[in-house]
Amino acid sequence: MTTLVHGTDTLTRDALTVLQPGFVGTTAPDWLLRRIGEGLSSVGLFGRNIVSPEQLTALTAQLRAERDDVLVAIDEEGGDVTRLEVKQGSSFPGNYALGSVDDVELTRAVARELGRRLARCGVDLNWAPSADVNSNAENPVIGVRSFGPDPDLVARHTVAYVDGLQGVGVAACTKHFPGHGDTNVDSHDALPRIDVDLATLHARELVPFRAAVAAGTKAVMSAHILLSALDPHRPATLSPQILTGLLRQELGFEGLIVTDGMEMQAVAATYGIERGSVLAIAAGADAICVGGGLCDEGTVLRLRDALVNAVRTGELPEERLADAAARVRALAAWTQSHRARGGAETVPGAAVQEGTAPGADIGLVAARRALKVTRGERPYTPMTSAPYVASFTPVANFAVGDETPWGIAAELGRLLPGTETGSYADSSVDAVLAAAGDRRIVAVVRDAHRHPWMTEALDSLVAARPDTVVVEMGLNEAEPRGALHIATHGAARVCGRAAAEAVVGTAS
C-alpha cells in the first residue's frame, strides 16, 4: 500500500474525522490510539469488543484519555441485535415486541434505560433505532428489528425511541434511510431493490423518517438499497438525490448522515470500499461506518487516503469533506456537553416515571406485555416437570449474528431443572420424538412462515404429540398450532424468559 499523505494537515484530519472504524480486541490497539491523536473522531464497537460493563467502561475511558471528544458508537438495538449482551442475549425486547404492545411510553422507557446503560459505559452514539416499515413479511434482514408493517405505528415508536435515548445524552441514529422494509434481499449479501412509485415511498417508507427528523434525531443512517423511483442508478448511500436532495433539502435534516457498513456487498461488490466511501461523502454522507468485517488499521488508511486523493484530483470538493467533518465534530460536541454535565442520570427529563428508574427490569416488563398466547382446542395443563425443547434453527443473518443465544431452553431450565434441548435444521421429527421420550415437547421456531421445512416439522410434531407447545420467536405470521402457541415477537433473552413463564403457567 502506498500512503499518499503524511502528518496532520487539515485535509488529512478531515478525512480521518469522517471515518467510524471498528477494531479487534477488548482494549484499544496502539494503532487506533495513534490515529485518534491524528484526527480520527469516532470509533465503532461490536460484540467482539465487549465482555462486561466494567471492561467496556475501561475501554471507552482508554479512548477518551487520548481525546476527550471522541464519539464512541455501537450497534445496540436491543432484542435480536445486541452488542452489550452478545454472549447472553439482550435484557430488552426489540422493536417488533415494542410495536406489538403499542405503548409509546413503554418504548420510551425501554430506550431510556438502554441509553442509561450505554452512557454509564461511555458510549454516546447508538446506531439505532430501525425505522424501517417491515411491509414485506419475507424480508430476510429487517423482520423483528422493525416496529411493524404500519407506517404510523413505526413513526410514533421511532420518535419515542429517539426521545428515550437522547433524553439521557446518547445520540440516536435512525436507520436505514430511506427504508429497508420492503426488500427480500439482505444488503450484507447483495443490492436490494424497491420498485414502487414515489407516492408509495412517501406514504410508507418515509413516514417514520420524517417523524424522526421532526423529533430531532441527531443522526440518520443510510441504506444500501436501490430505490428506482428516487435514483435508478445508485444505491441510497451513494445517491445525491436521496441524501442531499431528499434527506437534507426536502426533509430538512441538519444532523449527521452515517452510512451503513461500507464493506457490505451491496456497495463493496460493485464499487469497492474506497470508491464507495468517496461517492458516499460526495453524495452528502458525513460519516463512513466500517468495521463489522474490515477492522484493521490498513482499512482506515485506505479510506483516509482515498478521500484525500479524491479531493486532490477534484473528484470530491474539499468543502464537502470539510462540511462532513464539521458535522461529526458538532455531534461530538453535543455528546461531550452531556458528559460534562454529569452523565446520563443528570440530563433533564432522564429520571421520570415509576418503574423505569435505573436498574428497573423494564425490559422484562415489556417482554411479558409483548407475549401473545393462543390456546389450542384442548385445555392446556401447565408444565410441572422438565420438558424437551426442540429448537428449529434457521441461518442467522449477519446483523443478528450467530454468537447470541436465543430460545427458551435456558430459561425453562431455571424454572424446571432437568430441561433438555436439541437443535434441528430439517423437517424430520423422528429424532425429536426419540430424544424427547415421554417428556412433553416445546418446539421453538423463528420466522416459521419463511421456512417451509419448519412449518412441515411443526405439523408433523403436533400430529404425533398434540400436547406440544409451540413458541414463535420471529415474525408472528404463521397460523398458531400446538396445545399452546406463544408468540414472543422477538428472540431476546427476556422474551425467552417471558415465554418460559407462560409454559409453566406463571405468566398472567
Side-chain angles (χ1 to χ4, degrees), residues 1 15-25 29 31-32 35 40-50 71-77 81 83 86 125 127-128 130 140-142 145 173 175-177 180 183 185-192 219-226 234-239 243 256-283 285-310 316 324 328 395-403:
M1 181 192 72
L16 282 169
T17 295
V18 303
L19 302 182
Q20 293 190 346
F23 63 95
V24 175
W31 70 262
L32 183 64
R35 300 306 171 189
L40 185 68
S41 294
S42 309
V43 175
L45 301 181
F46 297 86
R48 61 175 178 257
N49 304 123
I50 301 168
L71 272 172
V72 181
I74 199 169
D75 191 10
E76 180 57 52
E77 299 177 15
V81 179
R83 312 308 177 203
V86 67
L125 170 60
W127 294 319
S130 167
V141 67
I142 301 300
R145 301 169 65 198
C173 183
K175 63 187 183 185
H176 306 82
F177 184 82
H180 206 312
T183 60
V185 171
D186 185 343
S187 50
H188 292 91
D189 302 322
L191 178 63
V220 170
M221 178 176 282
S222 66
H224 301 332
I225 55 175
L226 190 73
R234 287 184 178 175
T237 295
L238 313 183
S239 171
L243 297 190
L256 189 75
I257 300 177
V258 184
T259 72
D260 208 344
M262 291 304 294
E263 65 267 55
M264 294 164 63
Q265 291 303 296
V267 168
T270 301
Y271 300 92
I273 64 167
E274 295 98 327
R275 177 155 178 75
S277 296
V278 169
L279 292 174
I281 298 295
D286 306 305
I288 301 296
C289 177
V290 65
L294 298 174
C295 44
D296 58 290
E297 183 179 22
T299 297
V300 172
L301 297 181
R302 284 164 58 197
L303 297 185
R304 179 201 68 181
D305 293 351
L307 292 167
V308 169
N309 192 48
L316 175 64
V328 174
V395 176
N397 69 58
F398 186 87
V400 173
D402 56 10
E403 292 179 283

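One is the number of the first residue; the rest follow in order along the sequence.
- Judged purely by atom type and a 3.5 angstrom limit, N49 uses its side chain to pair as donor or acceptor with the backbone of F46.
- In terms of heavy-atom proximity, A324 sits nearest to A285 at CB-O, 4.0 Å.
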**Message:** For a side-chain contact (heavy atoms from CB on, under 4.5 Å) check, start with the C-alpha distance between W31 and V300, then their side-chain angles and the critical distance, and finish with the verdict.
**Reply:** CA-CA 10 Å; W31 70 262; V300 172; 3.8 Å; yes
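- Of the possible polar contacts, none joining the T259 side chain to the S222 backbone as a donor-acceptor pair under 3.5 Å is found.
- In this structure, I74 and I50 approach most closely via the heavy-atom pair CD1-CD1, 3.7 Å.
- Not a single donor-acceptor pair under 3.5 Å links the side chain of T17 to the backbone N or O of L40.
- Listed for the T299 side chain is no donor-acceptor partner under 3.5 Å among the backbone atoms of C295.
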**Evaluation steps, side-chain contact (heavy atoms from CB on, under 4.5 Å), between R145 and H176** = CA-CA 11 Å; R145 301 169 65 198; H176 306 82; 3.6 Å; yes
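- Scanning all heavy atoms of the two residues, the minimum distance from L125 to C173 falls at CD1-CB, 4.2 Å.
- Here the side chain of R83 pairs no donor or acceptor atom with the backbone of R48 at under 3.5 angstrom.
- S42 pairs with exactly one of I288, V328, L16, L256 by the side-chain contact (heavy atoms from CB on, under 4.5 Å) rule, that one being V328.
- Side chain of E263 to backbone of G292: a donor-acceptor contact under 3.5 angstrom is found.
- Here the shortest heavy-atom pairing between T237 and A283 reads O-CB, 4.2 Å.
- When all heavy atoms are compared, the tightest approach of F23 to L45 is CE2-CD2, 3.7 Å.
- The CD atom of Q20 sits 7.0 Å away from the CG atom of L71 when rounded to the nearest 0.5 Å.
- Interatomic distance, I273 CD1 to L303 CG, rounded to the nearest 0.5 Å: 4.5 Å.
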**Request:** Go through the steps to decide whether L307 and L19 satisfy the test side-chain contact (heavy atoms from CB on, under 4.5 Å), and finish with yes or no.
**Result:** CA-CA 10 Å; L307 292 167; L19 302 182; 4.1 Å; yes
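- Side chain of H224 to main chain of Q265: no donor-acceptor pair is present (N/O by atom type, distance under 3.5 Å, no hydrogens or angles).
- Side chains of E274 and D305 form no contact here, defined as non-hydrogen atoms less than 4.5 Å apart.
- Counting all heavy atoms, side chain and backbone alike, V258 lies closest to W127 at CG1-NE1, 4.2 Å.
- Rounded to the nearest 0.5 Å, atoms CE (M262) and CZ (R275) are 11.0 Å apart.
- Between S130 atom OG and M221 atom CE the span is 10.5 Å, to the nearest 0.5 Å.
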